[in-house]
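Below you'll find the structure, written out as structure tokens, and then a few comments.
When reading the values below, keep in mind they use all heavy atoms of this one structure, side chains included, and skip hydrogens, waters and symmetry mates. Numbers for residues simply follow the sequence, beginning at 1. As the structure lists them, so they are numbered: ligands from 1, and atoms in each ligand from 1.
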Amino acid sequence: MKRIVVTGGAGFIGSHLCERLVKEGNEVVCVDDFFTGDKKNIKKLLDYDNFELIRHDVTKELYIETDQIYNLACPASPPHYQYNPIKTAKTSVLGAMNMLGLAKRVHARILQASTSEVYGNPQIHPQPESYWGHVNPIGIRSCYDEGKRMAETLFFDYHRQHNLDIKVIRIFNTYGPNMNPDDGRVVSNFIVQALKGENLTVYGDGSQTRSFCFVDDLIEGMYRMVNSREGFTGPVNLGNPIEFTMVELANKVIELTGSKSEIIYKDLPSDDPTQRKPVIDLAKQELGWEPKVMLDEGFKRTLHYFEDVIMH
Ligand code: NAD
Ligand code: UDP
């Protein structure tokens, strides 16, 4: 069993990861400043002797002994990462530097939770890892996109300069239980709106596409990546290649909830990518990984979670 640090461990994805690692018997340290995370997500883990929670901001140095680091700390929803864009850039860049420095000191293997946002508004479709992206460096999404790109650069420079054992994954839109209902991302917005009988807010004409991965599938891919063969650094795309327009997604939510809600159209935020779909051949080949949970099944499980959250 290993000592494992998970930064951003109280967030949506991090909480699922902590649960898996704790239940396997590892010594897990969850590091989070609770900017978008929630203690509720990890409450049940506090009963385990092999789980520890530290309130800490990754833009500050962290001294701890560990075998592995999963670096997830960073707000992921556009309204949250745009709330304090300078802080978002610091979290991505300084957070990566601090965690890489820690990994170097204690010789730990380190995974970076990068994002499909490094491809920006892609001019190649679907997106393979070899695509360098099409990112606006000065727009409202840049704090996140460029922050994550710089973090990838730092990871690869630490690898080249210090032979650090790095793993980089590019996560495409992921959804599931433990999402914050006020998060502002499309899946949580649509489901909460449908359950409350409010209109579903489609931004723009709703023809933009995304590909949605259920969180259990993502966690399996992340885990396989950290435990993949030495020398395989990635970057590797992790996502579900089934692509939907936002109008199709809204209709799907209305159908699955049986809601009487209707669709209303709002302004499209600037730089909103028009399409996004991963090529996952590398993940299949190197990790033997592909998503297993189809959208209807994943949505049902997510719906149960939100019904519970809204009722309490
Ligand atoms: P989230 O907002 O639920 O979780 C992020 C966590 O990081 C929160 O617990 C938050 O409190 C914590 N955090 C933020 N700034 C911090 C700081 N300075 N110091 C310490 N902790 C800090 O988001 P998520 O969806 O769970 O995303 C987790 C990671 O995965 C992020 O790095 C995100 O960029 C990446 N990612 C997620 C998606 C997705 O669809 N969910 C897609 C691509 C990439
Ligand atoms: N979106 C929408 N209605 C909402 C929230 C988001 O139509 O209430 C759209 C948004 O404009 C984008 C897509 O859904 O095109 C995915 O948005 P999200 O914030 O979930 O993630 P990202 O844009 O980072 O992929």
Next item on the list: Return the orientation label for the His162 and Tyr158 ring planes: parallel under 30°, perpendicular over 60°, tilted otherwise.
Entry: tilted
Next item on the list: Please work out whether any backbone atom (N, CA, C, O) or any side-chain heavy atom from C-beta onward of Lys148 is under 4.0 Å from ligand 1, and answer side chain, backbone, both or neither.
Entry: side chain
Notebook entry, point to check: Should Ile171 be counted as touching ligand 1, given the test is an N or O pair under 3.5 Å?
Noted result: no
Those atoms of ligand 1 less than 4.0 Å from some heavy atom in [X]:
{"X": "Ala73", "value": "7 (O), 20 (C), 21 (N), 22 (C)"}
{"X": "Phe35", "value": "11 (O)"}
{"X": "Asn173", "value": "40 (O)"}
{"X": "Ala10", "value": "9 (O)"}
{"X": "His56", "value": "19 (N), 20 (C)"}
{"X": "Gly37", "value": "8 (C), 9 (O), 10 (C), 11 (O)"}

Notebook entry, point to check: How far is atom 3 (O) of ligand 1 from its nearest protein heavy atom, and which residue and atom is that?
Noted result: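 Looking at atom 3 (O) of ligand 1, the protein heavy atom closest to it is Phe12 N, 2.9 Å.
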Next item on the list: Could you check atom 40 (O) of ligand 1 against the protein and tell me its nearest heavy-atom contact, residue, atom and distance included?
Entry: Thr174 N, 2.8 Å
Using heavy atoms and a 4.0 Å limit, tell me yes or no: is [X] in contact with ligand 2?
{"X": "Glu117", "result": "yes"}
{"X": "Ser77", "result": "no"}
{"X": "Lys266", "result": "no"}

Margin query: Is any side-chain heavy atom of Leu218 closer than 4.5 Å to one of Thr174?
Written below: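 Yes, close enough: below the 4.5 Å cut-off.
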Check: Which one holds for Asp272 and ligand 2: side chain close, backbone close, both close, or neither close, with close meaning a heavy atom under 4.0 Å?
Finding: side chain
Margin query: Does only the side chain of Arg141 get under 4.0 Å from ligand 2, or the backbone, or both, or neither? Count heavy atoms.
Written below: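 Under 4.0 Å from ligand 2, Arg141 contributes side-chain atoms alone.
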Notebook entry, point to check: Do we get Lys252 above Phe299's six-membered ring, with its NZ or CZ under 6.0 Å from the centre and within 45° of the axis?
Noted result: no
Item checked: Over-ring placement of Arg276 relative to Tyr119, 6.0 Å and 45° cut-offs -> no
Item checked: Modelled atom types, side-chain donor and acceptor of Gln112 and Asn71, under 3.5 Å -> yes
